[in-house]
Participant: 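Structure provided below as structure tokens; questions to follow.
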There are 2 protein chains.
Amino acid sequence: MEKYKLFDAEYKFASIIWDNEPINSTELVRRCAEKLGWKKSTTYTVLKKLCNRGILQNQDAAVTSLIKREDVQRYESNAVVEKSFDGSLPKFLTAFLGERKITEQEAEELKQIIEESVK
Amino acid sequence: MEKYKLFDAEYKFASIIWDNEPINSTELVRRCAEKLGWKKSTTYTVLKKLCNRGILQNQDAAVTSLIKREDVQRYESNAVVEKSFDGSLPKFLTAFLGERKITEQEAEELKQIIEESVK
DNA sequence: GAAGATGGTTTATCACGATAGACTCAAGAT
DNA sequence: ATCTTGAGTCTATCGTGATAAACCATCTTC
């Protein structure tokens, strides 16, 4: 398994940690019950799995992340472009924008981001 | 199930059809064996499933697509931006580009695509 | 009319992601 | 010494995507 690949449930779970770290494990159990409807054992099961995969860390009941949200996002964005768009960002953009219209201001923001990546 | 959601194996399968349609079903079995390592029954199982979901069509052993690659791509691109980037294309772009550098020419192409979507 | 092709269907197995029940164990509180 | 609470493990169930074995019907060809 690639290190950064998170399944849907795992991603939602990790999001709670990213939004609150460091977070006490019992508190995490509480939040998962509230936000995801999970039982305590579910939380611990998933937590342990992600710890074993080197994505999270649980030390003395203090849960933190080793892999950051940005890392996973970078992986996700690359994966989808790779899988469905032949690795081509232009193809992705074309598909995403499709018939949708954006404002001049939004376009400016996007162009800015692109500009910053030019060698 | 959303109409456009294809699982990994389904996507690869559909790709063979998109690349070759209309394609005779026996010929499709041959290609799936060659490209995906599938047995005949596997091909027919998946084919039937996608036909039932209104994505493909099999008439007198001639297989064609009802949903096009572009439709699925649009869905995929939107889904990932929704799921992992809060629906924000700028966030997606930032993550994708990351540390990567692109050429002036590539940037031009991207900006062109963006320009065409401005209201 | 037996022997292949062609074009399928039915039913099953297997892996694995998602979820949880039952249990343990140490540390305070009573 | 019991009771409770915090912290965590072990084992199991369930759904479902991925894959296939076995079987069937029709048509051609020898």
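Proteins come first, then strands; the chains are lettered A, B, ... in the order of their sequence lines, and each starts at number 1.
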Participant: What is the ring orientation for B:Phe85 with B:Phe92, classed by angle as parallel under 30°, tilted 30 to 60°, or perpendicular over 60°?
Facilitator: perpendicular
Participant: Looking only at side-chain N and O atoms, does B:Glu21 offer a donor or acceptor that is under 3.5 Å from a partner on B:Ser65?
Facilitator: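 Result is yes, a qualifying pair exists.
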Participant: Between A:Glu34 and A:Arg31, does any NZ, NE, NH1 or NH2 come within less than 4.0 Å of an OD or OE carboxylate oxygen?
Facilitator: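 A:Glu34 and A:Arg31: not salt-bridged.
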Participant: Measure CD1/A:Ile23 against P/D:dG6 and give the value in whole Å, please.
Facilitator: 15 Å
Participant: Looking only at the side chain of B:Ser41 (C-beta and beyond, no hydrogens), which of the listed nucleotides C:dA20, D:dA21, D:dT19 gets closest?
Facilitator: D:dA21
Participant: Can you tell me the distance, in whole Å, between the CZ atom of A:Arg53 and the C1' atom of C:dC16?
Facilitator: 12 Å
Participant: Within less than 4.0 Å of OP1 or OP2 of C:dA20, is there a side-chain N or O belonging to A:Thr42?
Facilitator: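 Yes, such a contact exists.
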Participant: If I take atom CZ in residue B:Phe7 and atom P in nucleotide C:dA15, what distance separates them, rounded to the nearest angstrom?
Facilitator: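 Those two atoms, CZ and P, are 20 Å apart.
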Participant: How many whole angstroms separate atom CG of B:Asp8 from atom P of D:dT16?
Facilitator: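 Interatomic distance, CG of B:Asp8 to P of D:dT16: 18 Å.
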Participant: Check residues 36-49 of chain A and write down every donor-acceptor pair under 3.5 Å in which the side-chain atom is one partner and the other belongs to a residue at least two apart or another chain.
Facilitator:
{"unit_1": "A:Tyr44", "atom_1": "OH", "unit_2": "A:Ser25", "atom_2": "OG", "d": "3.4"}
{"unit_1": "A:Thr45", "atom_1": "OG1", "unit_2": "A:Ser41", "atom_2": "O", "d": "2.7"}

Participant: Can you give me the N/O atom pairs linking the protein to nucleotides 4-8 of chain C at distances under 3.5 Å, or say none if there are none?
Facilitator:
{"unit_1": "C:dG7", "atom_1": "OP2", "unit_2": "B:Thr26", "atom_2": "OG1", "d": "2.0"}
{"unit_1": "C:dG7", "atom_1": "O6", "unit_2": "B:Lys40", "atom_2": "NZ", "d": "3.4"}
{"unit_1": "C:dG8", "atom_1": "OP2", "unit_2": "B:Ser25", "atom_2": "OG", "d": "2.8"}
{"unit_1": "C:dG8", "atom_1": "N7", "unit_2": "B:Lys40", "atom_2": "NZ", "d": "3.2"}
{"unit_1": "C:dG8", "atom_1": "O6", "unit_2": "B:Lys40", "atom_2": "NZ", "d": "2.8"}

Participant: Assign each of B:Lys49 and B:Lys39 to its nearest nucleotide of DNA chain D by heavy atoms, then name whichever residue's nucleotide is nearer the 5' end.
Facilitator: B:Lys49
Participant: Send over the distance from B:Leu50 CG to D:dG17 C1', rounded to a whole Å.
Facilitator: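 Whole-Å distance recorded here is 12 Å.
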Participant: In Å and rounded to the nearest 0.5 Å, what is the SG to CG distance from A:Cys51 to A:Leu66?
Facilitator: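 Here the interatomic distance stands at 8.0 Å.
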Participant: Is the shortest side-chain heavy-atom distance between B:Ile114 and A:Ile102 below 4.5 Å?
Facilitator: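 Yes, side chains in contact.
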Participant: Can you find a donor-acceptor pair, distance only, under 3.5 Å between B:Thr45 side chain and D:dA20 base?
Facilitator: yes
Participant: Using atom CG of A:Leu6 as one end and atom P of C:dG17 as the other, report the distance to the nearest whole Å.
Facilitator: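 Result: 12 Å.
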Participant: Quick check on the hydrophobic clustering: are B:Val80 and A:Trp18 connected, directly or via other members, by side-chain heavy-atom contacts under 4.5 Å?
Facilitator: no
Participant: Without decimals, in angstroms, what is the distance between A:Tyr11 OH and C:dA18 C1'?
Facilitator: 19 Å
Participant: B:Phe13 has an atom CZ; how far is it from atom C1' of D:dG17, in whole Å?
Facilitator: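 To the nearest whole Å, that distance equals 15 Å.
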